[in-house]
Protein chains: 2
Amino acid sequence: MGKVTSKRSGVLELAVLGLLDGSPMHGYELRKRLSSVLGAFHAFSYGSLYPCLKELLGRGLIAEEEADPSPRARAGRRSRIVYRLTAEGKDRLHELLSEAGPTSWDDDGFGVHFAFFGQTRADVRLRILEGRRSRLEERMEAVRAAFARTRERVDSYTLELQRHGLESVEREVRWLNELIASERQRDTGAASQPRPDETDPGQRQSTYKA
Amino acid sequence: MGKVTSKRSGVLELAVLGLLDGSPMHGYELRKRLSSVLGAFHAFSYGSLYPCLKELLGRGLIAEEEADPSPRARAGRRSRIVYRLTAEGKDRLHELLSEAGPTSWDDDGFGVHFAFFGQTRADVRLRILEGRRSRLEERMEAVRAAFARTRERVDSYTLELQRHGLESVEREVRWLNELIASERQRDTGAASQPRPDETDPGQRQSTYKA
DNA sequence: GTTAGCATGTAAGGAGTTACATGATTTT
DNA sequence: AAAATCATGTAACTCCTTACATGCTAAC
């Protein structure tokens with residue numbers, strides 16, 4: 001009945017809402033931020049971004065900005081459409097940030113969720129980090145098993161590829177272990193509050209690697 | 001006019017042809033090999049594999065095996081369909097293995113191409129490795145640029161994500177550098193043969209990492 | 001005043017997943 | 001003979017990309 005259109009992925013929706021929560025922006029700028037935040041993980045094209053913005057607008061999660069802070073738009077039409085998050089958009093953002101499902105463990109989803117960890121509850125952060133780790137460990141086990149089964153029969157390039165892949169995943173697991181340890185540390189000390197909702201803007205310098 | 005159906009991706013096609021060139025296999029087995037060869041890079045589901053096999057069959061690149069080496073199939077119907085590469089399939093495989101285009105530089109494509117480097121000409125190998133490296137270096141530059149622009153304004157989680165992403169890419173570039181150096185080394189010494197087509201099964205132990 | 005880059009958008013379609021459906025073979 | 005796993009297949013659907021189309025704005 002009320003089905004607006006398609007769902008436009010959870011990942012892009014979260015990324016857009018999260019970025020607009022920081023500050024209002026127009027699409028072009030948004031896309032640059034996406035590329036830099038997701039960086040090595042993923043990049044979106046305009047062909048998915050603009051339709052997504054339209055849909056979010058239709059759902060009332062974002063709205064066009066009225067203001068023209070500097071009088072650049074001469075008359076009538078402005079060429080840049082600046083979007084801001086509505087109250088409903090903020091609600092939806094917090095809803096998405098509370099979800100620690102499988103979509104927050106895969107390659108794309110994890111990157112986006114992690115990027116907004118500053119706005120995410122501590123318990124959800126931990127669940128996502130641990131979920132991601134399990135996911136990677138499963139993958140490693142599968143590869144290692146196949147590795148053992150076929151070791152003799154594959155040429156050295158295939159072997160080298162598997163070795164490098166495995167090493168990359170192992171590296172990410174170690175990274176996650178450090179992050180998880182670091183999360184646990186800050187949890188002890190402050191009793192497990194049901195919903196801390198820490199705004200904590202930039203206090204925490206990286207204890208992880210240094 | 002002769003358009004059979006859709007293209008079913010170049011990546012899957014190459015992977016299937018390459019694996020079947022090794023030895024005939026049925027779909028289920030093929031999929032396991034795919035997961036292990038591509039490992040950390042990508043995995044395909046049956047929903048894409050079986051349609052692909054059908055299409056390759058229709059194009060005459062693969063064929064169903066006649067043989068039943070062990071009399072396991074009792075009567076009439078066999079439950080496993082074993083595919084083998086046809087002569088046309090071998091041609092197509094060599095054609096795909098000679099291509100060093102953009103598809104061999106992205107995440108999925110590179111993994112598959114690399115897995116079959118043993119069947120790839122030396123000059124093509126080098127072009128692919130160098131193409132992949134440029135691609136990664138472009139990405140790094142973009143991220144670094146954005147990094148410099150927004151450094152102050154982002155919270156520590158976003159920063160940590162960018163740092164980790166950048167480090168992962170840097171690691172792969174170093175890996176590629178070693179591979180490229182190693183390729184260049186074996187090129188000098190043997191004059192540049194037009195088509196060496198070295199079968200070289202497992203001679204070459206990893207000089208890269210040790 | 002024209003090239004280059006900013007900015008927005010759309011239509012067509014490619015690529016693969018999920019979920020489902022079904023049967024054969026092996027293990028318990 | 002029930003349960004697990006092997007094995008094959010399909011339809012609907014999700015999601016994103018490519019290629020195109022258009023106009024504004026700044027620099028040369």
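Labels below follow one simple rule: chain letters A, B, ... track the order of the sequence lines, proteins then strands, and each chain is numbered from 1.
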Rounded to whole Å, the NE2-C1' distance (A/H26 to D/dT25) equals 12 Å

A/K32 has an atom NZ; how far is it from atom P of C/dG5, in whole Å?
-> 13 Å

Roughly how many Å is it from OH in A/Y46 to C1' in D/dC20, rounded to a whole number?
-> 15 Å

State which of D/dT10, D/dC16, D/dG9 makes the closest approach to the side chain of B/P51.
-> D/dT10

Given C/dT8, C/dT17, C/dA7, the nucleotide with the shortest approach to the side chain of B/S45 | C/dT17

Given atom CG of A/L30 and atom P of C/dA7, what is their separation to the nearest angstrom?
-> 12 Å

note: B/Y50, atom OH; D/dA7, atom P; distance rounded to Å ~ 8 Å

Run the salt-bridge test on A/R125 and A/E130 with the 4.0 Å N-O cut-off and return the result as yes or no.
-> no

Taking CE from A/M25 and P from C/dT8, how many angstroms apart are they, rounded to a whole number?
-> 12 Å

About how many Å separate CZ of A/R135 and CD1 of A/I128, when rounded to the nearest 0.5 Å?
-> 12.5 Å

Report the distance from atom CD1 of B/I62 to atom CG of B/L85, rounding to the nearest 0.5 Å.
-> 8.0 Å

Quickly work out the A/H42 NE2 to D/dC15 P distance and round it to whole Å.
-> 12 Å

Just checking, any donor-acceptor pair under 3.5 angstrom between side chains of A/E170 and A/W175?
-> no

Tell me which nucleotide among D/dT10, C/dT8, C/dG9 gets nearest to the side chain of A/K54.
-> C/dG9

Nucleotide nearest A/F44 when distance is taken to its side chain, options D/dA7, D/dC16, C/dT8 | D/dC16

Just compare D/dG9, C/dG9, D/dC16 and give me whichever is closest to any side-chain atom of B/I81.
-> D/dG9

Between D/dC16 (C1') and A/L34 (CG): distance, integer Å | 13 Å

Does B/S48 have a side-chain nitrogen or oxygen under 4.0 Å from the phosphate oxygens OP1 or OP2 of C/dT17?
-> yes

Could you label the plane-to-plane angle of the B/H26 and B/Y28 rings as parallel, tilted or perpendicular, counting under 30° as parallel and over 60° as perpendicular?
-> parallel

